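What follows is a short report on a single structure.
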Amino acid sequence: KVKPPHDPNWSADRPRFCAAVEREGYLASKVFDWCEEIGKGRPSWWTREDRGRFVRDLKADKIQPPPACEIPKAKG
């Protein structure tokens, strides 16, 4: 299976996008895999606008990744 190229803005956007996803309580790498599994493709393939929409929807609870994507809670 051929994967699409990364969006040209991805290298500049990646740190901000990952931080936004993780602020919402999810591991970015797990969310990337989940997005691909549900047929949305990887965020690195999306446009800057699509990534922004995803973060807004995540903050508004319009998108809810599964518990497997959550950052593990500290024990103790």
Side-chain angles (χ1 to χ4, degrees):
K1 180 176 166 184
V2 177
K3 295 187 177 202
H6 284 174
D7 174 67
N9 296 311
W10 176 240
S11 60
D13 293 353
R14 182 180 181 158
R16 183 173 49 245
F17 180 81
C18 292
V21 167
E22 293 187 356
R23 274 194 303 274
E24 296 305 310
Y26 300 99
L27 290 168
S29 61
K30 299 257 185 196
V31 168
F32 294 179
D33 293 342
W34 173 71
C35 288
E36 193 170 13
E37 286 169 17
I38 64 169
K40 301 259 184 217
R42 296 183 76 77
S44 59
W45 306 344
W46 305 346
T47 64
R48 178 173 276 171
E49 292 77 21
D50 289 336
R51 285 189 294 273
R53 187 176 310 106
F54 181 88
V55 169
R56 285 191 302 277
D57 288 350
L58 194 61
K59 288 180 178 180
D61 289 329
K62 291 180 182 176
I63 296 173
Q64 294 186 315
C69 293
E70 292 176 4
I71 293 173
K73 306 282 189 268
K75 292 185 167 74

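Note that the structure is predicted; figures quoted are calculated from it, not measured.
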(request) Please examine the side chains of Pro65 and Leu58, heavy atoms only from C-beta on, and report whether any two atoms are closer than 4.5 Å. (result) yes

(request) Grab the two heavy atoms, one from Cys35 and one from Gly41, that are nearest each other, plus how far apart they are. (result) CB-O, 3.2 Å

(request) Taking all non-hydrogen atoms of both residues into account, name the closest pair between Pro15 and Ala12 and its distance. (result) CD-O, 3.7 Å

(message) Is the shortest side-chain heavy-atom distance between Glu70 and Glu24 below 4.5 Å?
(response) no

(request) Compare every heavy atom of Tyr26 with every heavy atom of Val31, then report the nearest pair and how far apart it is. (result) CG2-CB, 3.6 Å

(request) For side chain to side chain contact (heavy atoms under 4.5 Å, CB included), just list the numbers for Cys18 and Phe32, CA-CA rounded to whole Å, side-chain angles, deciding distance to a tenth of an Å, and then say yes or no. (result) CA-CA 10 Å; Cys18 292; Phe32 294 179; 3.7 Å; yes

(message) I need the minimum non-hydrogen distance between Cys69 and Lys30, along with the two atoms involved.
(response) SG-O, 3.6 Å

(request) Dump the intermediate steps for side chain to side chain contact (heavy atoms under 4.5 Å, CB included) on Asp50 and Trp45, then the final yes or no. (result) CA-CA 10 Å; Asp50 289 336; Trp45 306 344; over 6 Å; no

(request) Indicate yes or no: at least one non-hydrogen side-chain atom of Arg51 is less than 4.5 angstrom from one of Asn9. (result) yes

(message) Parallel, tilted or perpendicular: which one describes the rings of Phe17 and Trp46, with boundaries at 30° and 60°?
(response) perpendicular

(request) In sequence, state the C-alpha distance, the side-chain angles, and the governing distance for Lys62 and Arg53, and then conclude on side chain to side chain contact (heavy atoms under 4.5 Å, CB included). (result) CA-CA 10 Å; Lys62 291 180 182 176; Arg53 187 176 310 106; over 6 Å; no

(request) Decide yes or no on side chain to side chain contact (heavy atoms under 4.5 Å, CB included) for Leu27 and Trp34, but give the supporting numbers first. (result) CA-CA 11 Å; Leu27 290 168; Trp34 173 71; over 6 Å; no

(request) Give a yes or no on whether a salt bridge exists between Asp33 and Arg42, defined as a side-chain N under 4.0 angstrom from a carboxylate O. (result) yes

(request) Run the salt-bridge test on Asp7 and Arg48 with the 4.0 Å N-O cut-off and return the result as yes or no. (result) no

